[in-house]
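One structure below.
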Amino acid sequence: MLEFDYTNAMAARVGADGLTDAEWAAALAAGRSAFEAVEKDRAAGKPGFRRLPAQDTAELAKIAKTAAGFENFVVLGIGGSALGTTALASALLHPWWNFAAPEARRAPRLFVLDNVDPEETAGHLEICLPERTVYNVISKSGETAETAAQLMIFVAALKKRLGDRWRDHVIVTTDPDKGFLRHLARREKLQNLPVPPDVGGRFSALTAVSLLPLAACGVDPGRLLAGAAAVEERGREAAFRAASLYTALYRKGKKIAVMMPYSRALRDVADWFRQLWAESLGKRKSLDGKDVFEGQTAVKALGATDQHSQAQLYNEGPNDKLIAFLEVSRFRRPCPIPEGFEDDTCAFLRGKDLGELLNAEKRGTERALTANKRPNVTFRVEGVTPETAGAMLHFFELMTTYAGRLWNVNAFDQPGVEAAKHATFALMGRRGYEKLAEDIAKEEPAAAEKRVERF
Ligand code: PA5
């Protein structure tokens, strides 16, 4: 299903910047108790994302069927309520899905609006007629300001055109009991789906959060969940080893974790992983309350595009990175390079496939990095399918869980995010945040203290 190849992270390949066999054995031995602790939690059904492979998707499938009849499916959400959907849509839908003719697509266009940029949002109303659109408002907490603002804008547009029938165009995905969105869904009798209370935002891709939008576009949720189930059955040790390797290299100074898919379909898995790794492991406090300021900066790149942007830095800049490739052995579509020009620049490409070229580029980059003593690993799938995509996401979530244990931090909270959320509430005048608003106003530097250049 998924291969984790860490040959080029070993000292035999990259010298002292990699791990010796002794260091690797010590890392695995030291982490074993973390592995056992995570296994014990699993037996108790914790954390919640581990139970997702066994979930019942009947209600979701029913709602997806109705949603599939719309011209547009628009996700309103941010962070963990959006990134998994983008990752899975890029992986599993046609690469030019929204541009395909409706009769070829036979499912809605899919948009993920994960920001409150005024031009993006106002512009969206110009290209998607609300009466032909279903809006899936997603928020685990049901309280996020960005998502609430989006909802208000699109509901107002719907009301203007459809009056009371606006309700037929909104689906709510949120906590089963708590929060404004749950309250709204009940009050207005909106179609709705739950996010299990013990599944946090960035671990929620394989809940209704992403399964519904994907199902509305024709992707079978059962196949995604089968991939996740395979991780639970057979991939736990591999995920633990991946977490242990990242941990050991982090402790050796690799403070940056680059993820570089050589596949356009997996491009947004790197973006999703960036949030998962950063928000789960970037923590001030250890589990026993000490200031530790842990965190490995996750960076996304794309092969081969970023060979012409980042590769110089990765090869010759500071040796502070662990570079992970995502590799696909077989692409779903061939794209042979035809006869053309006899000149040396072109002749050797004739008759080859673009997939072959892309994978050769990956091998070339890997070789150069290894020669430059830059540790690198490859996560490889045979092909991108709902099963392998589901497996990949579940695998990285599990790897993050192990890493949290190994680093002795809480991988499932995000106090730093909460602080900014509250500050936004205060700045925008939310009731109950008056004191914080006053404090923020007092923090404003005096005119004489400001350092600003203008031209
Ligand atoms: O992983 C997380 O918990 C966060 O990134 C959330 O997904 C993000 O803050 C959005 O929160 P919510 O889904 O509650 O709107």
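Order of appearance sets the numbers: ligands from 1, and atoms from 1 within every ligand.
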What I want to know is whether G80 and ligand 1 share at least one N or O pair that is separated by under 3.5 angstrom.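 Yes.
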Taking distance alone, with N or O pairs closer than 3.5 Å, would you say T147 contacts ligand 1?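 No - when backbone and side-chain N and O of T147 are compared with those of ligand 1, no distance drops under 3.5 Å.
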Does the ring center of F395 lie less than 6.0 Å from the ring center of F4?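 No, the ring of F395 stays outside the 6.0 Å limit from the ring of F4, centre to centre.
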Least distance between heavy atoms, F203 atom then A411 atom: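 Nearest heavy atoms, F203 then A411: CE1-O, 3.8 Å.
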Which pair of non-hydrogen atoms, one from T247 and one from W407, has the smallest distance, and what is that distance?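 Result for this residue pair: OG1-NE1, 2.9 Å.
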For atom [atom1] of [X], decide whether the heavy atoms of other residues, nucleotides or ligands shown that lie under 6.0 angstrom number more than 12.
| X | atom1 | answer |
| --- | --- | --- |
| R132 | CZ | no |
| R330 | CZ | no |
| K160 | NZ | no |

Near [X], which atoms of ligand 1 are under 4.0 Å from a heavy atom of that residue?
| X | answer |
| --- | --- |
| Q414 | 3 (O) |
| K140 | 12 (P), 13 (O), 14 (O) |
| R202 | 1 (O), 2 (C), 3 (O) |
| Q275 | 1 (O), 4 (C), 5 (O) |
| K421 | 9 (O), 11 (O) |

Which heavy atom of the protein is the closest neighbour of [atom], given with residue, atom name and distance?
| atom | value |
| --- | --- |
| atom 4 (C) of ligand 1 | E279 OE2, 3.1 Å |
| atom 8 (C) of ligand 1 | I78 O, 3.8 Å |
| atom 13 (O) of ligand 1 | S81 OG, 2.6 Å |
| atom 15 (O) of ligand 1 | T144 OG1, 2.5 Å |

Whether the D268 and S90 side chains hold a donor-acceptor pair (N or O, under 3.5 Å, no angle test) is what I'd like checked.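 Distance-only check passes for D268 and S90.
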Which one of K159, Q191, E188 satisfies the side chain to side chain contact (heavy atoms under 4.5 Å, CB included) criterion with R167?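 Only one of K159, Q191, E188 forms a side chain to side chain contact (heavy atoms under 4.5 Å, CB included) with R167, namely E188.
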